[in-house]
Amino acid sequence: MAGPIEQFEIVPLVKLPLGLDYTNSALWMTLAVVGSFAVMLLGMRGAKTVPGRFQSVSELLYEFIAGMVRDHAGHKATPYFPFVFSVFIFVLFGNALGMIPWAFTFTSHIIVTFTLAAMVFIFVTLLGIYKHGLHFFSLFLPEGAPLALAPIIVPIEIISYLSRPVSLSIRLFANMMAGHTMMKVFAGFSVSLGAALGVAGYTVGILPIIINVGLVGFEFLVAFLQAYVFTILTCLYIRDALELH
Amino acid sequence: MTEHLKAFFRPHFAVLMVALLALPGQAFAEGGEEGGLPQLNTHTYGTQIFWGLVLFVVLYLLMSRVALPRVGEVLEERSKRITGDLERAQQLRAETEALVVYYEEGLAKARAHAGQVISGVNHELSAATNHRLDEVGKALAKKIETAEKRIAKAQAEAMGEVRNVAVDVAATVLDKLVGISDREQVTSAVDRVMGERA
Amino acid sequence: MPEEDITPKAQGAEGEAAQRSSDDDLDARIRAASAKHIPESASKEAGSPSSGGIGMGFRIGVEVVSALVVGTLIGLALDRWLGTAPWFVILFFLMGSGAGVMNVYRIVNGLGYSVGLRASGSKGDGSDENKM
């Protein structure tokens, strides 16, 4: 019986030099890329003005993120729509594919979520500097604050700014990991109850299974919501960088 | 949305705390090697960062170059079409409205005209009636006048006759009774008496 | 005057009313369709800052922990670089707490996730930034 943690194990599939092995994590990332691209393209094959079922899905995703960018990042953010969309679809597919039994959830790894968050963070910071030049750094000294307090406020604001990718990645990783651990724990309950108590145990073991069914549905919601939250924060950061206050 | 979002974190919170508090210690105790929390095994970080970035860039290129423009095109086309349809509907409606206004104007005009015609006819009719009444009245008055004249004449004639008879009677009576036959005197006497009576 | 006596007029008025009502209906439908087609700058989801106990707690926890982690890491790095053993860690741990408090302050006041103390409502609308 595998422990609840074993599902997060990284297994190299193809050994590569420099420690850059192609692992199960990379495999599921590849599947996310291929899967999302397939969903977006399948719908659009022979695209019609009146959408078919698959086409509706890709259009729905497109409009959902386009609306999010428009509402939360502002009209000036339209050029960055593909970036935001890629972030969303990558996280969403990472979360959702992890719901398949025996699948690997790469978003449950802090280093992956941190890489994504750091990428967003660097992108947004560069965007702000590109748009506003050195004036971008006025971000760290809020207007109206007394200059005498600058030596305290500036480091605090810098730390606050730097904590963005950390909180962003922790939130996603923690939710995904917690959810999957919990499902595994409840599934493990059924098995161990069965093993320990025999027939009676199997009967009682039904209970955790029922709970698990509910959890799976719940996890799908969390998978979507976390992708949504990750993306909406990306949008808000982009807006901050574009509309320096 | 927020409400739901928050409610959904409840069970996670507890598990997360357990995970964050208990597992890292275990992982660190085993030096990040096999057996600890796989997320904290730093040996896997290089490959995960590398593949994460590479595959994200691939995804970004696929999305921004191929998939999204295609979806955007379709959506744009539909949007254009819907906007066009709506505009056409709006335009047709405006045309309808103009027609309705035109029709109403025509109706009002026709109504006013009808009113005028009717009142004109009424005037004519009443004028003709008055005229005719006048004529009839005049004719009647003339007839009454001649009739009155005739009556007066007849009366005068009748009075003359009465006078003559009275003179004859008086003369005869005088002649028979008294033997006076002065016709002149009798006539004047009768005239006097009749004048008194009248 | 005679105008009032004409019967077709009454019928005409009735027909007109019917026509007008269907006309207004059409107008309303066209407008509704237009509104649906061109969404008015999105439906703002209402999110009150004070709502959601544990969800909010989790969020605040993450924000504080993140700020503390960043602060402490900077302190550690500086200490290792300058050899000033515990001092920078202590200083930046405190700074990290400050940053954590700032993060929480911004969340609670609905100022979104932006760095910088900005006055409530000075820009945009804080309402949409209160998401988890």
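Letters A, B, ... mirror the listed sequences (proteins, then strands); counts begin at 1. These values consider heavy atoms only, across backbone and side chains, with no hydrogens, waters or symmetry-generated copies.
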* Which portion of A:Phe90 sits near chain B, non-hydrogen atoms under 4.5 angstrom -> both

* Asked: Going by heavy atoms in the side chains, are A:Met40 and B:Val66 under 4.5 Å from each other?
  -> no

* Between A:Ser108, A:Gly94, A:Ala32, which has the largest tally of heavy atom pairs under 4.5 Å with chain B? -> A:Ser108

* **Gap between atom CG of B:Leu53 and atom CE of A:Met29 - 0.5 Å precision** => 9.0 Å

* Asked: Sub-3.5 Å donor-acceptor pair from the side chain of B:Ser64 to the main-chain atoms of A:Pro82, do we have one?
  -> no

* Asked: So B:Gln48 and A:Thr115, side chain to side chain contact (heavy atoms under 4.5 Å, CB included) or not? Walk me through it.
  -> CA-CA 9 Å; B:Gln48 295 219 76; A:Thr115 304; over 6 Å; no

* Looking at A:Phe106, A:Phe81, A:Tyr22, which has the largest count of heavy-atom pairs under 4.5 Å with chain B? -> A:Tyr22

* **Over all atoms of both residues, closest heavy-atom pair of B:Phe50 and A:Leu20** => CB-CD2, 3.6 Å

* To do: Output the distance between atom CZ (A:Phe88) and atom CE (B:Met63), rounded to the nearest 0.5 Å.
  => 11.0 Å

* Asked: Is chain B contacted by the side chain of A:Met119, its backbone, both, or neither, given a heavy-atom distance below 4.5 Å?
  -> side chain

* Asked: Can you tell if the side chain of B:Tyr60 reaches within under 4.5 Å of the side chain of A:Val87, non-hydrogen atoms only?
  -> no

* Taking all non-hydrogen atoms of both residues, which atom of A:Tyr62 and which atom of B:Gly72 are closest, and how far apart? -> OH-CA, 3.3 Å

* Check whether A:Leu116 gets within reach of chain B through its side chain, its backbone, both or neither, counting any heavy atom under 4.5 Å. => side chain

* **Structural part of B:Leu62 lying under 4.5 Å from a heavy atom of chain A** => both

* **Interface moiety of A:Phe114 toward chain B, non-hydrogen atoms closer than 4.5 Å** => neither

* Let me know if A:Phe83 has heavy atoms under 4.5 Å from chain B in its side chain, its backbone, both or neither. => both

* Within a radius of less than 6.0 Å around CD of B:Glu95, do more than 12 heavy atoms belonging to other residues, nucleotides or ligands occur? -> yes

* Asked: About how many Å separate OG of A:Ser86 and CG of B:Leu55, when rounded to the nearest 0.5 Å?
  -> 12.5 Å

* Asked: Is the backbone N or O of A:Asp21 less than 3.5 Å from a side-chain atom of B:Trp51, with the two atoms forming a donor-acceptor pair by type?
  -> yes

* Asked: If you look at every heavy atom in B:Leu59 and A:Ser36, which pair is closest and at what distance?
  -> CD1-OG, 3.3 Å

